[in-house]
Amino acid sequence: MRIHESSPADRGISKKLRLQAPRYLASYYFPDKPFGDFVGHLRNEDLEKQTFYDETFDIVVTLDVMEHLFDPAKVYQEIYRTLCKGGLYIHTFPIRKWLIDGATPRAEQTSSGKVKLLVEPPEYHGSPMGESLVTYDYGYDVASQIAEWAPFDVRISRFWDQRHGIIGDYTEVIVCRKPG
């Protein structure tokens, strides 16, 4: 299968895909480099404006990426565009169980490119590329909002598996399927 993973880590499923999936492609966001070019073994991509052709991938994976992007609607539309019919977008992001709203912005990017904080204090998460600003909080009804942004079939699964140590908050996996 043709698999695109944005912002992979060097562990877990990212490492397994890299080692075992011959048609796996990893990408990162390097804003100072040309998009579509490679920086080492990583393709440079802006998830909001991807350089891939339509219907390029069978599977797209992002793990804890969506909460760091400024325009999630555009990202879902781009991933939908790059997936083949029947393709899957498998991803994770923190779902705040106390929020009802689908997506609540914490920061925005102004037309001049500066970041404007909407919620104080700012929240940052560690990533393979350093600290990343959290730009959105997602609530439990985010599935319907995703389906509004792009016509995916959306399923959210929450895991509690003591035997494997998968317990606590933020264990949701979101799977979006492109009909077809």
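In this chain, residues are counted from 1 in sequence order. The structure presented is a predicted model; accordingly, all values stated were derived computationally and were not measured.
- Note on D169 versus K97: salt bridge recorded, some NZ/NE/NH1/NH2 to OD/OE distance being below 4.0 Å.
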task = Kindly determine whether H68 and L133 satisfy side-chain contact (heavy atoms from CB on, under 4.5 Å), including the steps that lead there.
result = CA-CA 6 Å; H68 302 290; L133 176 67; 5.7 Å; no
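- Distance OG1/T56 to CD1/I3: 14.0 Å, rounded to 0.5 Å.
- Using bins of under 30°, 30° to 60° and over 60° for the plane-to-plane angle, the ring pair F93/Y138 lands in the tilted bin.
- D54 places no side-chain N or O within donor-acceptor distance of the main-chain N or O of T82, the cut-off being under 3.5 Å.
- Under a cut-off of 6.0 angstrom, the local environment of CG in L19 is crowded, with over 12 non-hydrogen atoms contributed by other residues, nucleotides or ligands.
- Under a 3.5 Å cut-off, the side chain of D137 and the backbone N or O of T104 do not form any donor-acceptor pair.
- Atoms NZ and CH2, from K74 and W149 in turn, are 14.0 Å apart once rounded to the nearest 0.5 Å.
- Taking the ring centroids of H4 and Y89, they lie at or beyond the 6.0 Å cut-off.
- Across every non-hydrogen atom of D64 and P94, the tightest pair is OD1-CD, 4.3 Å.
- Nearest heavy-atom pair across L69 and V65 is CG-O, 3.7 Å.
- For the 3.5 Å distance criterion, the side chains of E131 and H125 fail to qualify, holding no donor opposite an acceptor.
- Of the possible donor and acceptor atoms, none in the side chain of E5 sits under 3.5 Å from a partner among the backbone N and O of Y24.
- Checking side-chain atoms of Q109 against main-chain N and O of F70 turns up no donor-acceptor pair under 3.5 Å.
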Walk me through it: do H91 and Y76 pass the test ring-ring contact (aromatic ring centres under 6.0 Å, His included)?
CA-CA 11 Å; H91 58 306; Y76 280 100; 5.5 Å; yes
Is there a side-chain contact (heavy atoms from CB on, under 4.5 Å) between I156 and V142 once you walk through the steps? CA-CA 9 Å; I156 299 177; V142 71; 3.8 Å; yes
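- Using a 4.5 Å cut-off between side-chain heavy atoms of Ile, Leu, Val, Met, Phe, Trp and Tyr, with links allowed through other members, V119 and Y136 fall into different hydrophobic clusters.
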Given S7 and L63, is the side-chain contact (heavy atoms from CB on, under 4.5 Å) satisfied, shown in steps?
CA-CA 8 Å; S7 306; L63 303 177; over 6 Å; no
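- Of the possible polar contacts, one joining the Y28 side chain to the P8 backbone as a donor-acceptor pair under 3.5 Å is found.
- By the rule that hydrophobic residues join a cluster once side-chain heavy atoms approach within less than 4.5 Å of another member, L25 and V60 end up as members of one cluster.
- Across all their heavy atoms, K178 and R81 have their closest contact at NZ-O, 4.1 Å.
- With hydrogens and angles ignored, the 3.5 Å screen pairs a side-chain donor or acceptor of D58 with a backbone N or O of R2.
- Taking CG of L42 as the start and OG of S27 as the end, the distance is 8.0 Å to the nearest 0.5 Å.
- For the 3.5 Å distance criterion, the side chains of R43 and T51 qualify, holding a donor opposite an acceptor.
- In plain terms, the two heavy atoms of R96 and Y140 that are nearest each other are O-CD1, 4.1 Å.
- In this structure, K49 fails the cation-pi test against F35, since its NZ or CZ atom is not both closer than 6.0 Å to the six-membered ring centre and inside 45 degrees of the ring normal.
- When all heavy atoms of R106 and P122 are compared, the pair lying nearest together is NH2-C, 4.2 Å.
- The two atoms that bring Q50 and E78 nearest to each other are N-OE1, 2.9 Å, heavy atoms only.
- To the nearest 0.5 Å, atoms SG (C84) and CE (M1) are separated by 8.5 Å.
- A distance of 10.0 Å separates OG1 of T135 from CG of L118, quoted to the nearest 0.5 Å.
- In this view, Q162 and W160, I167 satisfy the side chain to side chain contact (heavy atoms under 4.5 Å, CB included) rule, not counting sequence neighbours.
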